[in-house]
A.B. asks: 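I'd like to ask some things about the structure below.
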Amino acid sequence: MSERGGENREEDGPSADHNVGRGLLDTEMGPSSAMAHLYRGEIHRMKLWRERLDRTTNWAVILMAAVLTWAFSQATHPHYVILLGNAAVGLFLCIEARRYRAYDVWRSRVRYLQEHVWAPGLDPESPLRDEEWRAELARDYRHPTLKITFEEALAHRLRRVYLPLFAVLNGAWLLRVTAFSVDPWPASAAIGRIPGVVVIAIVISLFAAATVVAYRPRTWHTRGELLSEELRRDREESYESSGTPTSDSSSDDERRI
């Protein structure tokens with residue numbers, strides 16, 4: 001039965017490499033395995049860059065909380081401090097996007113090892129996604145390069161963290177210049193000699209530009225990113241192919257996957 005299954009899989013896709021992962025999961029495998037140490041090292045690097053991303057996000061949230069607290073503490077405090085907080089959060093966004101590009105280098109290698117070493121090691125009958133994976137991984141080690149553009153990294157961080165932060169800041173600024181100002185709207189949004197209408201137009205334009213960068217249609221080049229739309233589509237296709245119901249009557253274990 002396994003031979004038939006192997007023949008069917010070879011017809012459906014690339015041929016399976018039964019030598020990939022041999023010995024990796026044996027009970028006698030010792031700590032001297034070079035592949036195991038390589039994989040552990042890549043995991044460690046990915047973890048360090050993941051922590052750097054979280055640290056930048058924490059700075060942005062702390063700054064935002066301080067700005068909002070000060071802006072609403074007294075009616076005499078100028079409203080444009082919130083806009084300065086917007087600019088500071090935007091600076092953190094740029095820093096985090098640069099860090100995300102470096103983080104993606106290590107994450108992509110981890111996913112590549114998982115796809116071409118550990119997955120075939122667990123299921124030797126499964127076909128490889130790329131039969132030239134050894135040469136490609138070797139080239140990446142010889143000449144490491146960034147895998148995604150700065151604009152794509154910005155889109156990822158905007159979707160995950162910073163677009164909601166900008167929405168909170170802009171909403172707080174709108175509340176500050178309407179409900180907590182003695183001047184009528186939109187004159188209350190003025191900054192010095194800059195009319196309030198111009199300030200409002202700039203704020204709306206910048207937020208709209210950030211939304212376009214985050215959600216415009218694109219081909220994602222990052223590897224291993226759990227994009228929610230793709231995740232839902234892949235799960236629905238797998239349920240349909242296996243005949244498993246997709247209704248809410250699924251087990252709790254299925255919903256946690």
Side-chain angles (χ1 to χ4, degrees), residues 41-111 144-180 189 191-192 194 199-200 202-216 218 220-228 231:
E42 297 294 350
I43 287 286
H44 180 66
R45 284 178 170 180
M46 184 183 71
K47 175 177 176 293
L48 289 179
W49 280 95
R50 177 71 254 184
E51 291 175 352
R52 296 190 71 183
L53 290 177
D54 294 338
R55 193 175 300 120
T56 311
T57 303
N58 292 339
W59 292 344
V61 172
I62 292 173
L63 174 66
M64 187 180 73
V67 167
L68 293 180
T69 301
W70 189 85
F72 284 92
S73 60
Q74 293 184 14
T76 57
H77 288 167
H79 65 85
Y80 57 79
V81 173
I82 301 178
L83 299 182
L84 294 178
N86 248 332
V89 172
L91 177 61
F92 284 128
L93 169 62
C94 294
I95 296 174
E96 190 162 324
R98 293 180 68 249
R99 292 182 174 183
Y100 186 86
R101 296 183 74 191
Y103 162 73
D104 183 75
V105 173
W106 316 120
R107 203 241 333 251
S108 64
R109 287 180 182 174
V110 168
R111 289 294 301 131
T145 57
L146 297 172
K147 307 298 188 299
I148 61 175
T149 63
F150 182 77
E151 190 264 349
E152 182 175 340
L154 276 178
H156 275 283
R157 303 321 296 161
L158 280 170
R159 282 188 173 206
R160 296 303 175 88
V161 178
Y162 283 88
L163 202 60
L165 294 185
F166 286 133
V168 171
L169 281 172
N170 290 331
W173 174 78
L174 182 62
L175 180 65
R176 178 67 177 77
V177 297
T178 53
F180 292 86
I191 301 177
I194 304 176
V199 175
I200 294 170
I202 293 174
V203 172
I204 294 176
S205 300
L206 292 176
F207 186 76
T211 305
V212 170
V213 170
Y215 289 101
R216 76 170 181 83
R218 63 166 53 82
W220 298 96
H221 297 92
T222 183
R223 298 181 59 84
E225 182 72 18
L226 294 179
L227 301 175
S228 57
L231 183 62

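In this chain, numbering begins with 1 at the start of the sequence shown.
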A.B. asks: Could you work out, with ring-ring contact (aromatic ring centres under 6.0 Å, His included) as the rule, every residue matching Trp70, not counting sequence neighbours?
C.D. replies: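 ring-ring contact (aromatic ring centres under 6.0 Å, His included) check on Trp70 returns His77.
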A.B. asks: Distance check, rounded to the nearest 0.5 Å: Asn86 atom CG versus Met64 atom CE?
C.D. replies: 10.0 Å
A.B. asks: Enter the distance from Leu169:CG to Tyr162:OH here, rounded to the nearest 0.5 Å.
C.D. replies: 11.5 Å
A.B. asks: Identify, with sequence neighbours excluded, every residue that meets ring-ring contact (aromatic ring centres under 6.0 Å, His included) alongside Phe150.
C.D. replies: none
A.B. asks: Determine the minimum heavy-atom distance between Val67 and Gly85, stating which atoms define it.
C.D. replies: CG2-CA, 4.2 Å
A.B. asks: If you measure from OG1 on Thr178 to NE2 on His79, what distance do you get to the nearest 0.5 Å?
C.D. replies: 11.0 Å
A.B. asks: Using the side chain to side chain contact (heavy atoms under 4.5 Å, CB included) rule, take Phe92 and Asn58 through it: C-alpha gap first, then chi angles, then the decisive distance, then the call.
C.D. replies: CA-CA 10 Å; Phe92 284 128; Asn58 292 339; over 6 Å; no
A.B. asks: Salt-bridged, Arg160 to Glu96, with N to O below 4.0 Å?
C.D. replies: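 No, no charged N to carboxylate O under 4.0 Å.
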A.B. asks: Shortest non-hydrogen contact from Thr149 to Arg101?
C.D. replies: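 Heavy atoms of Thr149 and Arg101 come nearest at C-NE, 3.7 Å.
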A.B. asks: Going by the salt bridge (Lys or Arg N to Asp or Glu O under 4.0 Å) test, which pairs reach into residues 59-78, not counting sequence neighbours?
C.D. replies: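 Qualifying pairs: none.
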A.B. asks: Nearest 0.5 angstrom please: Trp49 CH2 to Arg55 CZ, how far?
C.D. replies: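 Rounded to the nearest 0.5 Å, the CH2-CZ separation comes to 10.5 Å.
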A.B. asks: Could you pull out the closest heavy-atom pair between Ala189 and Val177, with the gap in Å?
C.D. replies: CA-CG1, 4.3 Å
A.B. asks: Applying side chain to side chain contact (heavy atoms under 4.5 Å, CB included), name anything that partners Leu48, two or more places apart in sequence or on another chain.
C.D. replies: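 Leu48: side chain to side chain contact (heavy atoms under 4.5 Å, CB included) contacts with His44, Glu51.
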A.B. asks: Relative to Trp220, does Arg218 satisfy both conditions: NZ or CZ under 6.0 angstrom from the six-membered ring centre, and within 45 degrees of the ring's axis?
C.D. replies: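 Cation-pi check for Arg218 and Trp220: passes.
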A.B. asks: Is any side-chain heavy atom of Trp173 closer than 4.5 Å to a side-chain heavy atom of Val199?
C.D. replies: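 Result yes, sub-4.5 Å side-chain heavy-atom pair found.
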A.B. asks: Minimum heavy-atom separation for Thr145 to Val105, with atom names?
C.D. replies: O-CG2, 3.7 Å
A.B. asks: Taking all heavy atoms of Ala214 and all of Leu158, pick out the closest pair and write down the distance.
C.D. replies: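 Closest pair (atom of Ala214, atom of Leu158, distance): CB-CB, 3.8 Å.
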A.B. asks: Between Asp104 and Arg107, does any side-chain N to carboxylate O distance fall below 4.0 Å?
C.D. replies: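 A salt bridge links Asp104 with Arg107.
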A.B. asks: Is there a donor-acceptor pair closer than 3.5 Å between any side-chain N or O of Arg50 and the backbone N or O of Arg45?
C.D. replies: no
A.B. asks: Would one find more than 12 heavy atoms of other residues, nucleotides or ligands at under 6.0 Å from atom CZ of Arg98?
C.D. replies: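 12 or below, so no.
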A.B. asks: Would you give the length of the straight line joining atom OG1 of Thr57 to atom CG of Leu93, rounded to the nearest 0.5 angstrom?
C.D. replies: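 Those atoms lie 9.5 Å apart.
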A.B. asks: Could you pull out all donor-acceptor pairs under 3.5 Å where a side-chain atom in residues 202-213 meets a protein atom, sequence neighbours excluded?
C.D. replies:
unit_1: Ser205; atom_1: OG; unit_2: Ala201; atom_2: O; d: 2.7
unit_1: Thr211; atom_1: OG1; unit_2: Phe207; atom_2: O; d: 2.9

A.B. asks: Side-chain contact test, heavy atoms from C-beta onward, threshold under 4.5 Å: evaluate it for Leu163 versus Tyr215 and give yes or no.
C.D. replies: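 A side-chain contact exists here, since the closest heavy-atom pair is under 4.5 Å.
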A.B. asks: Over 60° means perpendicular and under 30° means parallel, so tell me whether Tyr100 and His156 are parallel, tilted or perpendicular.
C.D. replies: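 Answer is parallel, since the angle falls under 30°.
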A.B. asks: More than 12 heavy atoms of other residues, nucleotides or ligands under 6.0 Å from CZ of Phe166: is that the case?
C.D. replies: yes
A.B. asks: Kindly write out the residues that satisfy salt bridge (charged side-chain N to carboxylate O under 4.0 Å, His left out) with Glu42, not counting sequence neighbours, or none if the list is empty.
C.D. replies: Arg109
A.B. asks: Supply the atom-to-atom distance Thr56 OG1 to Arg99 CZ, rounded to the nearest 0.5 angstrom.
C.D. replies: 3.5 Å
A.B. asks: Specify the closest pair of heavy atoms between Thr69 and Ala65, including all atoms of both residues, with the distance to one decimal.
C.D. replies: OG1-O, 2.7 Å
